[in-house]
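Remarks on the structure that follows.
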Amino acid sequence: MTDSLPVRVFADRTEASRTLALEVAALVRAINDSGRSAVLGLATGRTPLPFYAELIRLHEQGELSFAQVITFNLDEYLGLAGEHPESYRAFMSRELFDHVDIPAENIHIPDGTVSPEDLSAHCAAYEAAIRNAGGIDFQLLGIGRTGHIGFNEPGSPRDSRTRKVELDPITRQDAAPAFGGLDQVPEHAISMGCGTILEARKIALLAWGKAKATIVREALTGPVTDQVSASFLQEHADATFYLDAEAGSEL
Ligand code: GLP
């Protein structure tokens with residue numbers, strides 16, 4: 001195993017999520033105390049759910065305010081409006097934003113309804129907004145079965161930026177139950193690129209369950225390759241994998 005990429009294996013996802021939520025809350029407070037807003041990169045999928053539940057709990061206990069937090073989500077399905085229940089905009093409202101004190105104007109998620117003519121300007125504006133916010137202090141990641149981070153499917157270059165991407169058939173299959181059938185799953189998305197993600201100052205990748213064990217092993221111990229975009233994290237100065245025992249079972 002590479003010794004440059006720290007791995008923390010926890011008994012279960014709740015313990016892992018609680019630990020990370022406390023660390024992120026401390027980071028937000030430290031950055032706010034230094035006089036600026038904290039910039040968080042956020043992820044969707046089933047994996048971050050217990051983490052968001054912990055952030056909400058800390059907020060309710062008065063230990064974490066989002067009043068000076070700016071967020072950038074990794075990605076959004078192309079063709080889905082924010083009102084669609086499977087849009088990442090709707091997901092984030094439901095699972096986090098509706099329960100905390102984040103100002104609406106501090107939330108950034110790519111717009112899935114952007115027209116083809118406006119797409120590249122929209123992606124460039126997303127990158128500019130991240131830069132103008134001072135860059136991402138902390139980036140949360142899950143991992144897809146194809147090894148993707150965000151929606152950076154196999155073949156996504158190390159220096160890719162926010163752009164339109166085509167979803168891998170495996171990724172679409174994994175999303176099919178939630179959409180009520182494969183034919184309902186969008187074929188494209190807008191995703192931050194690998195280069196965008198790797199510029200975050202601190203990164204945590206979360207993975208739970210047996211189904212993620214093989215791809216987690218490949219990402220951590222396999223070659224650094226654009227065929228497994230999570231493997232690029234091996235070259236990041238401050239990236240950590242937070243695993244439950246099952247996701248870490250092949251290490
Ligand atoms: C989607 C998201 C990824 C996420 C992945 C894994 O592809 N775009 O950000 O990491 O799903 O999803 P899950 O956490 O549900 O396994």
Side-chain angles (χ1 to χ4, degrees), residues 12-14 16-17 20 40-54 71-80 82 84-92 94-96 108-112 123 126 136 138-156 160 162-180 182 184-194 196-198 200 203-220 228-233 239-244 246-248:
D12 57 44
R13 62 189 71 183
T14 308
S17 300
L20 181 61
L40 304 183
L42 298 178
T44 52
R46 288 176 302 278
T47 306
L49 292 176
F51 171 73
Y52 291 148
E54 289 297 325
T71 64
F72 289 92
N73 263 79
L74 284 166
D75 44 18
E76 179 61 283
Y77 288 111
L78 207 48
L80 296 197
H84 190 292
E86 289 307 315
S87 73
Y88 287 162
R89 162 82 54 183
F91 173 99
M92 289 307 301
R94 202 162 56 225
E95 305 298 344
L96 181 64
H108 303 84
I109 304 179
D111 179 1
C123 294
Y126 204 71
I136 293 173
F138 169 80
Q139 177 67 55
L140 178 72
L141 298 174
I143 184 168
R145 277 201 300 146
T146 60
H148 69 218
I149 49 178
F151 270 136
N152 291 287
E153 300 289 21
S156 296
S160 48
T162 302
R163 68 206 189 287
K164 176 181 174 179
V165 293
E166 187 176 343
L167 300 181
D168 189 276
I170 296 176
T171 301
R172 293 189 65 241
Q173 244 171 49
D174 285 349
F179 276 89
L182 188 59
Q184 302 295 311
V185 183
E187 292 180 356
H188 297 92
I190 299 174
S191 179
M192 278 189 203
C194 296
T196 322
I197 293 169
L198 292 168
I203 299 179
L205 184 147
L206 314 186
W208 326 130
K210 196 96 195 95
K212 298 284 172 79
T214 302
I215 195 64
V216 161
R217 174 172 51 78
E218 278 179 42
L220 277 168
V228 179
S229 65
S231 70
F232 290 135
L233 297 171
T240 305
F241 277 41
Y242 289 68
L243 309 176
D244 69 359
E246 288 184 340

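Every number for a ligand or one of its atoms is a count from 1 in the order of the listing.
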Please name all residues satisfying ring pair (Phe, Tyr, Trp, His ring centres under 6.0 Å) with Phe72, sequence neighbours left out, ordered by chain then number. His108, Tyr126
Derivation of the side chain to side chain contact (heavy atoms under 4.5 Å, CB included) call for Leu140 and Leu206: CA-CA 8 Å; Leu140 178 72; Leu206 314 186; 3.8 Å; yes
Heavy-atom count around Arg46 CZ within 6.0 Å, excluding the residue itself: above 12? no
Among residues at least two apart in sequence or on other chains, which ones pass side chain to side chain donor-acceptor pair (under 3.5 Å) with Asp168? none
Could you tell me if Arg163 and Thr196 have a donor-acceptor pair between their side chains, going purely by distance under 3.5 Å? no
Residues lining ligand 1 [heavy-atom distance under 4.0 Å, listed by chain and residue number]: Thr44, Gly45, Arg46, Thr47, Asp75, Tyr88, Gly142, Ile143, His148, Gly150, Phe151, Lys212
Mind checking ring pair (Phe, Tyr, Trp, His ring centres under 6.0 Å) for Phe179 and listing every partner two or more places apart, or none if nothing turns up? Tyr77, His84
